[in-house]
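Index from 1, following the sequence. Start at 1 and go down the list; that is how both ligands and their atoms are numbered.
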Amino acid sequence: MSQRAALLIGKLSHARKEWQECAQVASKLHEYPDGNREDFISKCKSGEFDNVFALYRSNDSNPITGDFNSELVEVLPKSLKFICHNGAGYNNIDVTACTKRGIQVSSTPIAVDDATADVAIFLMLGALRNIKQSFMAVNAGKWRGNFALGHDPKNKTLGILGMGGIGSAVAHRAKAFGMKIQYHNRNRLPEKKEAGAKYVSFEELLKTSDVLSLNLALNPSTKHIIGKDQFAQMKNGVVIVNTARGPLIDEAALVDALKSGKVWTVGLDVFEEEPKIHPGLLECENAVLLPHVGTGTFETQRDMELLVLDNLKSAIQHEKLLTQVPEQKKDKANI
Ligand SMILES: O=CC(=O)O
């Protein structure tokens, strides 16, 4: 077998031992724990990572290298055939550029589903109870402050935009609260996977949901999928939950919709320009906010790291990824 080295970009917090065990399948383990884009590019160009066949990167390591856009993909070592990404979202990787260069990419679906769905439910319940007002009042020593009654989830219609692994896990949990579930995907799921959820058009989802949960991937066609025109179609007093990616929502339009009362409350774990948050959201008492911590549990972080390493080992040993990104699976013939 030719030289097949592996490269770890950034740090591993939970599966360090398993990374070291990759030495049993890789010809060499390289690490790039810290640095910057300019330095990383110059190391790629100087041949420091020659023979690297598969690399590990993550959403957390993205600040080190910057996005894996076409500029960066072009300078990656010629030997590189696999990018194993830690993150369910991979909008910081130009998959088309990778495909053109014959590089296969994997992400970490499944491992993230439960923790992200838990946070979606946490935010939904918090938004239905308009909990931020109470949190702020009690922490400021004002007891209940301007307390106002919230809403029960029971008998409300939850609309899920993007019924994949996370969307399905949200639906499963929401049923236990007595919610009616409807969803929209580009393509209807097989009945078994729907698990009783009703398939509706995008317009119908907007018009008839009491709570709208965003659980779809960000890509050029889903950016601002929720904006002024979509808010206008929604029920008055709708509750919005977003644990997917901030740019799915036009944040300025969301602030207007919150201020006008069109949107009653919102629960957000993600923002358009993280870590910056629209000042209108920070000011709003009816915006329950978290700093992108959906997968932030010990168990899930370890499961994600292990899944990336399983992909890496499978790439080196069998030239096959376990959880390849769906757009490449469709294009398999071109890689
Ligand atoms: O946002 C979290 C992830 O993409 O895994």
Compute the centroid of each ring, for His184 and then for Tyr199, and state whether the two points are separated by less than 6.0 Å. yes
If you measure every N or O of Ala244 against every N or O of ligand 1, does any of those distances drop under 3.5 Å? no
Of all protein heavy atoms, the one nearest atom 5 (O) of ligand 1 is Ala88 N, 2.7 Å
If we only count N/O pairs under 3.5 Å, is Arg245 in contact with ligand 1? yes
What part of Val270, side chain, backbone, both or neither, has a heavy atom within less than 4.0 angstrom of ligand 1? neither
Are any of the side-chain nitrogens in Lys43 or Glu38 under 4.0 Å away from the carboxylate oxygens of its partner? no
Taking NZ, NE, NH1 and NH2 as the nitrogens, is one of them in Asp310 or Lys313 under 4.0 Å from a carboxylate oxygen of the other? yes
Which atoms of ligand 1 sit under 4.0 Å from any heavy atom of His292? 1 (O), 2 (C)
Quick check, are the ring centers of Tyr183 and Phe202 under 6.0 angstrom apart? no
Quick note on ligand 1: atoms under 4.0 Å from a heavy atom of Met304 include exactly 5 (O)
Charged N-O contact under 4.0 Å between Arg16 and Glu31: yes
